[in-house]
There are 2 protein chains.
Amino acid sequence: MDRTDQSLIAIRRILRSTQTYGRELARAAGLTPVQIRVLQIVAETGAATPKDISQRMRVSPPTMTSLLDRLAAKGMVERQKSEVDRRQKNVVITRAGRDAVHRAPDPLQQRYVSQFESLQDWEQAMIVAALERVAAMLDATDFDAAPVLDSNLLDDGEGGTAG
Amino acid sequence: MDRTDQSLIAIRRILRSTQTYGRELARAAGLTPVQIRVLQIVAETGAATPKDISQRMRVSPPTMTSLLDRLAAKGMVERQKSEVDRRQKNVVITRAGRDAVHRAPDPLQQRYVSQFESLQDWEQAMIVAALERVAAMLDATDFDAAPVLDSNLLDDGEGGTAG
DNA sequence: TGATTTACTTAGTGACACTAATCAATACGG
DNA sequence: CCGTATTGATTAGTGTCACTAAGTAAATCA
């Protein structure tokens, strides 16, 4: 078992725990993980077109339509006609949507943050460096993987175009 | 933006790229990511009961039934009656299933391994240490998160109970 | 033996993902 | 300016994956 295998196993453990655990936690907020992700993106960008969101989430436009249908039915988002291009619609988050995102903080936070923050300073630094290295190796994509972080940043965090 | 946020962003980038990228890659093998995961577990354990697999994947028994139905319909697995308990069934992988797992190596491997292996030795060590730290923080579950690694290890890797 | 538990399946539902086709609005070329 | 092509969003239809509730068969226990 070499280091490559070790690192892969660790990554998979991370994936697995967040995925499965994320389902339970999101459901406690009455929303699915995917729905929360959409809300986060909408909240972060202020007003995005369906196409924007679908590209950001790597999902086809029809999928986004149905996701937005569900979120709109729950009163979490609204679709407004665009002024500049009447084919487009601007998706905006409602008060209820913003509240929901706040109530359903990211699954990662729940079990991770407190532990991370209790680490030594040098450990935190090492972990950040390593994670960013790994992310860079994996995330070699063209698109702007603007990090949807946590709901605390969403209210004022409009300019989240992490390039 | 403190270190906690940085680490969360990095983790999310990892999750996102592997999730979305994983879909495409798994489909190239004619199987979905979930199906591959089942096959990996079955291959790794030799013969597992549906219950075993469902618990391992954190999925309800009916879900596992339908997953196994699909895999059986494709000839990837077989359900054999258990000798010790006739309520149980032993799920075993077929030749075709093993081939499929081989053809569809983990998405992680594809973009990650070559880059990782080109790193300096000290960098590899640092990354492994950091990833395992993060995994331990996230993966605070009761069950044995036996790492399904890559298909190359499956043929002989029976004893993969990483506790 | 009869009641309970356990393992798996069936039935029914919902979320999420896709492709193909549709409709409205914009952009382009002559 | 007008017709065609392109673009943005939706509708229609399908398949996978997830769940709960209920059913069947076998094992266990009182």
Report the distance from atom [atom1] of [X] to atom [atom2] of [N], rounded to the nearest whole Å.
| X | N | atom1 | atom2 | answer |
| --- | --- | --- | --- | --- |
| B/L71 | D/dT16 | CG | C1' | 12 Å |
| A/D69 | D/dT11 | CG | P | 6 Å |
| B/L68 | C/dT10 | CG | P | 12 Å |
| B/M57 | D/dC17 | CE | P | 9 Å |
| B/K89 | D/dT24 | NZ | P | 15 Å |

Measuring to OP1 and OP2 of [N], would you say a side-chain N or O of [X] lies under 4.0 angstrom away?
| X | N | answer |
| --- | --- | --- |
| B/K51 | C/dA7 | yes |
| A/T63 | C/dC16 | no |
| A/R86 | C/dA24 | no |
| A/T65 | D/dA9 | no |

For A/P50, report the nucleic acid contact type (base, sugar-phosphate, nothing); a contact means any heavy atom under 4.0 Å.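 Touches sugar-phosphate only.
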
Counting any heavy atom closer than 4.0 Å, what does B/S66 reach on the DNA or RNA strands: base, sugar-phosphate only, or nothing?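 Here B/S66 touches no strand at all.
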
Please report the closest heavy-atom contact between A/E44 and A/R56, naming both atoms and the distance.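 Heavy-atom minimum between the residues: OE1-NH2, 2.6 Å.
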
What is the distance from atom CZ of B/R13 to atom CG of A/L131, rounded to the nearest 0.5 Å?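 One gets 10.5 Å once the value is rounded to the nearest 0.5 Å.
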
Does any residue of residues 72-80 of chain A have a heavy atom under 4.0 Å from DNA chain D, and if so, which ones, in number order?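 Under 4.0 Å from DNA chain D: A/R79.
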
Donor-acceptor check, side chain of A/K74 to backbone of A/G30, threshold 3.5 angstrom: yes or no?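 Here the side-chain-to-backbone pair exists.
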
Side-chain (B/T49) to main-chain (B/K89) donor-acceptor, under 3.5 angstrom: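 Side chain of B/T49 to backbone of B/K89: no pair is present.
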
Select from B/Q88 and A/Q35 the residue whose nearest nucleotide in DNA chain C is closer to the 5' end of that strand.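 The answer here is B/Q88.
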
On DNA chain C, check which nucleotide each of B/T49 and A/R87 is closest to and give me the residue with the more 5' one.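 Taking each residue's closest nucleotide, the earlier one in sequence belongs to B/T49.
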
Closest to the [X] side chain, choosing from [options]:
| X | options | value |
| --- | --- | --- |
| A/V34 | D/dC17, D/dC19, C/dA17 | C/dA17 |
| B/P62 | C/dT26, D/dC17, D/dA21 | D/dA21 |
| B/T32 | C/dC16, D/dC17, C/dC18 | D/dC17 |

